Amino acid sequence: MVNSLSPSLRRIVVLGTGGTIAGRAADGGDNIGYTAGQVEVADLLGGIGAPEGLELSAEQVAQLDSKDMEFDVWLQLARRCAFWLAEADVAGVVITHGTDTIEETAFFLQTVLAPGKPVVLTCAMRPASSLSPDGPQNVRDAIAVAATPAAQGVTVVCAGAIHSALDVQKVHTYRPDAFASGDAGPVGYVEEGSVRRLRDWPQSPVGKSRKFFETKDGAAAHWPRVEIVTSHAGVSGAVVDLLLQERTAVGAEPIRGLVLAATGNGTVHHALEAAALRAQDAGVAVLRATRCASGRILPRPDDRLRDAGALTPVKARIALMLELFETPA
Ligand code: ASP
């Protein structure tokens with residue numbers, strides 16, 4: 001690959017967090033019965049050459065199945081990204097990650113860092129021990145994106161596509177091409193080490209939530225509790241009412257935010273809506289996010305509960321947590 005980055009940008013840093021990409025099964029033909037997070041990130045780079053004129057360095061930040069992702073890993077990742085991106089010779093950061101929550105980590109990092117250099121998350125649907133693993137090509141493609149001049153923001157690279165952290169969603173349980181960007185479509189594609197870009201790199205304003213990882217207040221224990229409750233046929237307001245009752249229980253972390261995974265254009269079953277309004281009146285921040293895979297909620301003048309626009313429920317939850325972090329309880 002021809003690299004025309006500024007000569008001062010010489011390094012790509014690869015941070016490992018585990019996932020299927022670092023997973024191992026007893027049998028090479030087994031693509032589901034594996035244990036995630038077994039192979040060191042430095043070993044995932046074996047056989048993947050650095051683009052011309054660049055060097056790769058690896059750092060293990062965590063080693064877990066991303067279904068078990070925790071806030072303290074996000075904090076650690078944000079801190080390590082901020083550290084490496086501030087180094088004058090670092091062109092970009094690549095993060096190896098499990099597919100299950102990669103869209104949440106990507107959205108979190110884009111929201112708190114809004115990096116001017118590329119942070120590229122990548123993953124695999126098949127373990128490292130597979131007869132035909134998809135991880136090595138994904139890592140190679142992610143490095144190519146991180147080495148692309150003027151690339152910026154947080155992206156997810158999988159199966160040759162580059163997705164913005166703001167739009168990406170896991171949409172398939174098994175296929176290697178498991179991600180989509182809804183209406184927005186991918187940012188571009190990686191073809192034989194070259195990026196074919198279709199639209200702008202992700203950009204978002206750096207919120208005050210940057211404090212989240214820069215100060216001690218960002219300690220995981222202090223993250224505001226935000227729960228997701230789904231609206232569906234036959235739902236009641238019982239879960240929301242229980243969450244409200246818990247606010248007075250000794251030792252319980254009181255709920256501060258509620259995301260309603262709403263139907264269609266942000267509609268909510270009347271029983272759940274009544275409970276959500278009770279919660280809102282009691283001081284809980286309530287946000288409606290659509291369950292639909294694509295599209296955004298178009299607001300109506302008579303809406304009594306705020307909407308999260310195009311954000312999925314899991315991303316709306318992160319946005320609300322960061323918003324509440326700014327607002328003392
Ligand atoms: N459970 C795995 C993880 O998210 C799935 C994967 O990486 O594909 O870590």
Side-chain angles (χ1 to χ4, degrees), residues 14-46 48 58-78 80-81 93-110 119-143 145-146 154-165 167-181 186 190 220 228 293 312-315 317-318:
V14 186
L15 305 178
T17 69
T20 296
I21 192 167
R24 285 206 165 280
D27 172 0
D30 186 352
N31 287 316
I32 56 169
Y34 57 87
T35 306
Q38 301 297 301
V39 183
E40 297 283 308
V41 62
D43 295 333
L44 295 180
L45 298 179
I48 299 175
E59 181 178 298
Q60 196 76 45
V61 173
Q63 189 63 293
L64 80 168
D65 185 321
S66 84
K67 74 176 177 60
D68 298 323
M69 184 53 68
E70 296 289 352
F71 298 150
D72 55 349
V73 178
W74 279 358
L75 272 183
Q76 182 67 3
L77 261 184
R80 293 317 290 158
C81 286
V93 170
V94 168
I95 301 172
T96 56
H97 198 290
T99 59
D100 287 344
T101 57
I102 197 170
E103 68 209 58
E104 295 178 54
T105 302
F107 181 77
F108 170 73
L109 291 175
Q110 175 63 31
V119 172
V120 189
L121 287 89
T122 194
C123 53
M125 290 295 283
R126 294 178 184 155
S129 55
S130 173
L131 291 175
S132 169
D134 51 332
Q137 185 65 49
N138 286 343
V139 171
R140 194 169 185 275
D141 289 348
I143 291 169
V145 174
V154 181
T155 51
V156 171
V157 167
C158 184
I162 309 164
H163 300 278
S164 162
D167 304 305
V168 66
Q169 259 184 282
K170 186 172 181 181
V171 294
H172 204 279
T173 55
Y174 183 70
R175 280 202 314 252
D177 190 1
F179 290 88
S181 290
V190 191
I228 301 175
T312 57
V314 289
K315 288 182 182 174
R317 174 173 179 262
I318 296 166

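Keep in mind that this is a model prediction, so the values were computed, not measured. When a ligand or atom number is given, it counts from 1 through the structure's own listing order.
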(message) Run the side chain to side chain contact (heavy atoms under 4.5 Å, CB included) test on T122 and D141 for me, step by step, so that the C-alpha distance in whole Å, both residues' side-chain angles and the decisive distance to 0.1 Å come before the verdict.
(response) CA-CA 9 Å; T122 194; D141 289 348; over 6 Å; no

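Residue G23 places no heavy atom under 4.0 Å from ligand 1.
Of all the heavy atoms of A124, the ones lying under 4.0 Å from any atom of ligand 1 belong exclusively to the backbone.
With values rounded to the nearest 0.5 angstrom, H97 atom NE2 is found 6.5 Å from L77 atom CG.
Closest to atom 4 (O) of ligand 1 among all protein heavy atoms lies S66 OG, 2.5 Å. Of all protein heavy atoms, the one closest to atom 8 (O) of ligand 1 is T99 OG1, 2.4 Å. The closest protein non-hydrogen atom to atom 3 (C) of ligand 1 is D65 OD1, 3.2 Å. Protein heavy atom at the shortest distance from atom 5 (C) of ligand 1 is T20 OG1, 3.1 Å.
At least one side-chain heavy atom of R80 sits less than 4.5 Å from a side-chain heavy atom of E59.
No side-chain donor-acceptor contact under 3.5 Å links N138 to the backbone of V157. In this structure a side-chain-to-backbone donor-acceptor pair under 3.5 Å is present from D134 to R126.
On a distance-only criterion, D100 and ligand 1 share at least one N/O pair closer than 3.5 Å.
Exactly one residue among T99, T20, V139, D100 makes a side chain to side chain contact (heavy atoms under 4.5 Å, CB included) with C123. That residue is T99.
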